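Notes to accompany the following structure.
Residues take their numbers from the sequence shown, with the count starting at 1. Nothing here was measured: the structure is a model prediction, and the numbers come from that model.
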Amino acid sequence: RVLYLRGRLLEAVGVVRDAKGARSEGDDRLGVADSTETSDLAKLESSRETLARDSAEDLLKRAAKLDPGLDGAWLTLAQTLWKKNDLAGARHCYDAVLARGTPHKKALCAASMLCRSLAKSRADPGSDAQKALVAESLKLAKDAVRLDVDDGHAWYQVGTATMSVFFARGATDKALLLTALKAYENAEKGGPTGAGARDPEKHMRDHPDVHFNRAVVCRYVERYGEALAGFAEAARLDPALPTKSEVDAVLAALARLDDGCRGAGASGRKPKRAAAIARSLREEEDTLRERGGGGESVAYEGTSYATKRVVDLQTGANAGSAVRARAVADATANKQTLDGGVSGSETLGALNLHYVAVDAAGDVFAISVYGLEDGAVRMSSTLTLLNPDVRDVDVTWNGRRYQFRLVRVDLPKQILVGGRMPVGRIARPRMASTNL
C-alpha cells in the first residue's frame, strides 16, 4: 500500500525520474528560497532523492505485484500507461481488475473510455474492429450504470459510447442519437430520477463536456434552440472549449434557411421563380396522371407513397407519404457565410446539406439532407422526399427569430433526384465532436 500511495502521488504531481529535474520542479512548487535553512533543505533533498529514485510506473507495478487485489494500484497504473500512449498496457490493467468478477464502477467507466480511444486511434473508420470496440465501450458503460443508476458519470459514458456507436455504424440511426441525448440528460441531473443530484460526486451539471456533447447531439437532431443554449453553458463553464465555431455554424445555417424561406438575403427564393417552379411541378403531376403513372402517389421499390403538400404534413415522421419539390437555393453554410471564415463551417458541412425548396402548392420550406456529398442534389431536378420527417423550427437568439418548416432526410434512400436515388454520392460520416 505504501508503494501504491507513493506511486499515486508521483503520478498526480508529475515528478520526473531525473533527480535534478525533480529538484528544480520542487523548488518552484514548494517556494523554497531561503538558503539559510540548511537543515530543512537537507531533509527536502533527501525526500526528493527518494521520490525521484523510482518512477510512478515502477512503484505501481511493484505494488500490484505484491498485492494483485489492490484495485487502486491497477487503476492508477492504467492511467499512467495511458498517458504514455501505452493503450494495450492500460487495457491489461483494467482487465486485471474486472477479471476478478467483482463489480467495479470506476474500472468499467475507465475501460469504456479506453475502448473508444482504441477505436479512434487503432482501428480504421467504419471497420469491423472499430464497431466491435465501440460496442464493447457501450456494454461496459451500461454495466457501470447497472451498478449505480444514479451515477451521472456512468450515464455520461453511456451517452458518449452511444454517440461513438452512431458514427461507427454510418451515422444513419437517429434512434441512437435520441438515446445518447437521454443519457446526457441523466448524467447532468444524476440519474433518471435525479436522485444523484444531492451528491456532488454523482451529478455532472457543472461539467462542461456534458453540455458541449449534449449540444452537439441537439444540433444533429436539429433542436437548434437547445443546441445554442448548451454551447453557451459549456462556454460559461469552460471558455477554452471550441463553442464559438459551433454556435457560428448553427446561426449561419439558421440564417440562410430563414432568409431563404422568407425570400430575403442571397439564399432567398424569388416569388416569381417560386411560382414558376410550383406551376411546373403541377404540370408534371398532370402529365403523370395522363400517362397512368398517378399524380396522387409515388411508387418506388415496390412501395407506394401518397403524394402530399408540405403544409399537410404532420410534425415528425410521415410514413407512407411523399413530397415532390424542387430546390431553389443551396443554403449549406460555408466559410464565406461565417464571420471571419472560422472552421465551424467545416463541421457543419460534415453534418448535412441544406436547401430551400418549393412544392407544387408554391409553399417554401427547408430541406436538411444527411449522408450525401455536396452536389448530389441538383437544383434543376425534381426531388421526391419519401417518409418525410418534419419539424417546425422556431428559435430566438440574440434578438433574432428564426422560423421555418424543415423536412429532414436521414438516409440517401429517402430522397429521389429526378426519380432516382443519388447512387455514388454517399458521404463518409465524420465525428461531430472532439470530446468523445
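Under 3.5 Å, the side chains of Asp209 and His211 contain no donor-acceptor pair of N or O atoms. Using a 3.5 Å distance cut-off with no hydrogens or angles, the side chains of Ser112 and Ser137 do pair a donor with an acceptor. Between the side chains of Tyr156 and Asn186, not a single donor N or O lies within less than 3.5 Å of an accepting N or O. Between the side chains of Tyr184 and Thr160, at least one donor N or O lies within less than 3.5 Å of an accepting N or O. Donor-acceptor pairing under 3.5 Å is recorded for the side chains of Ser55 and Asp58. Judged purely by distance below 3.5 Å, without hydrogens or angles, the side chains of Gln157 and Arg116 pair a donor atom with an acceptor atom.
Taking the six-membered ring for Trp, Tyr402 and Tyr224 have ring centres at least 6.0 Å apart. Phe212 has its ring centre less than 6.0 Å from the ring centre of Phe231.
Looking at heavy atoms from C-beta onward, His153 lies in side-chain contact with Met204 at the 4.5 angstrom threshold. Between Tyr4 and Leu59, every side-chain heavy-atom pair lies at or beyond the 4.5 Å cut-off. Side chains of Val395 and Leu228 form a contact here, defined as non-hydrogen atoms less than 4.5 Å apart. Side-chain contact check for Leu353 versus Ser368: every heavy-atom pair is 4.5 Å or farther apart. Using a 4.5 Å cut-off on side-chain heavy atoms (C-beta onward), Thr307 and Glu285 make contact. Between Leu87 and Arg122, some side-chain heavy-atom pair lies under the 4.5 Å cut-off. Leu251 is listed as a side-chain neighbour of Val247, based on a closest heavy-atom distance under 4.5 Å. Contact of the Val323 side chain with the Leu313 side chain is registered, since non-hydrogen atoms from C-beta on lie closer than 4.5 Å.
With rounding to the nearest 0.5 angstrom, the CD atom of Glu188 is 10.0 Å from the NE2 atom of His203. Separation of atoms CG (Asp148) and NZ (Lys105) is listed at 4.0 Å; rounding is to 0.5 Å. Atom CG of Asp128 sits about 11.0 Å away from atom CG of Leu133, to the nearest 0.5 Å. One finds the CD atom of Gln403 at 4.5 Å from the CG atom of Asp394 (value rounded to the nearest 0.5 Å). Rounding to the nearest 0.5 Å gives a distance of 9.0 Å between CZ of Phe365 and SG of Cys261. Here the CG atom belonging to Asn213 is positioned 6.5 Å from the CE atom belonging to Met163, to the nearest 0.5 angstrom.
A pairwise comparison of heavy atoms in Leu181 and Arg223 identifies CD2-NH1, 3.1 Å as the closest pair. Among all heavy-atom pairs drawn from Lys84 and Glu57, the shortest one is NZ-OE1, 2.7 Å. The two atoms that bring Glu201 and Asp151 nearest to each other are O-OD1, 4.4 Å, heavy atoms only. Val165 approaches Ala135 most closely through the heavy-atom pair CG2-N, 4.3 Å. Scanning all heavy atoms of the two residues, the minimum distance from Ser297 to Ser304 falls at CB-OG, 3.8 Å. Ala187 approaches Trp155 most closely through the heavy-atom pair N-CB, 3.7 Å.
With Arg91 as the fixed residue, the side-chain contact (heavy atoms from CB on, under 4.5 Å) test singles out one of Leu81, Leu114, Asp86: Leu114.
Between the side chain of Gln130 and the backbone N or O of Ala168 there is no donor-acceptor pair closer than 3.5 Å. Without hydrogens or angle criteria, Asp312 side chain to Lys308 main chain gives no donor-acceptor distance under 3.5 Å. Remark: the backbone N or O of His354 is paired with a side-chain donor or acceptor of Thr332 at under 3.5 angstrom. A donor-acceptor contact shorter than 3.5 Å is absent between the side chain of Arg401 and the backbone of Thr396.
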Does Thr384 form a side-chain hydrogen bond (donor to acceptor under 3.5 Å, both in side chains) with Arg324? I'd like the steps, not just the answer. CA-CA 5 Å; Thr384 305; Arg324 299 177 74 253; 4.6 Å; no
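At a threshold of 4.0 Å, the pair Glu11-Lys83 counts as salt-bridged, since one of the basic side-chain nitrogens sits closer than that to a carboxylate oxygen. Looking at Asp248 and Lys244, a side-chain N of the basic residue comes within less than 4.0 Å of a carboxylate O on the acidic one, giving a salt bridge. Under a 4.0 Å N-O distance rule, the pair Asp258/Arg262 qualifies as a salt bridge. Ion pairing between a basic and an acidic side chain is recognised when a charged N comes within 4.0 Å of a carboxylate O; Glu296 and Arg309 show no such pairing. A salt bridge between Glu222 and Arg405 is absent, with no side-chain N of the basic residue lying under 4.0 Å from a carboxylate O of the acidic one.
The aromatic rings of Tyr220 and Phe167 stand perpendicular to each other, their planes meeting at an angle above 60°, with 30° marking the opposite boundary.
Shown here is Lys142, whose NZ atom has no more than 12 heavy atoms of other residues, nucleotides or ligands within 6.0 Å.
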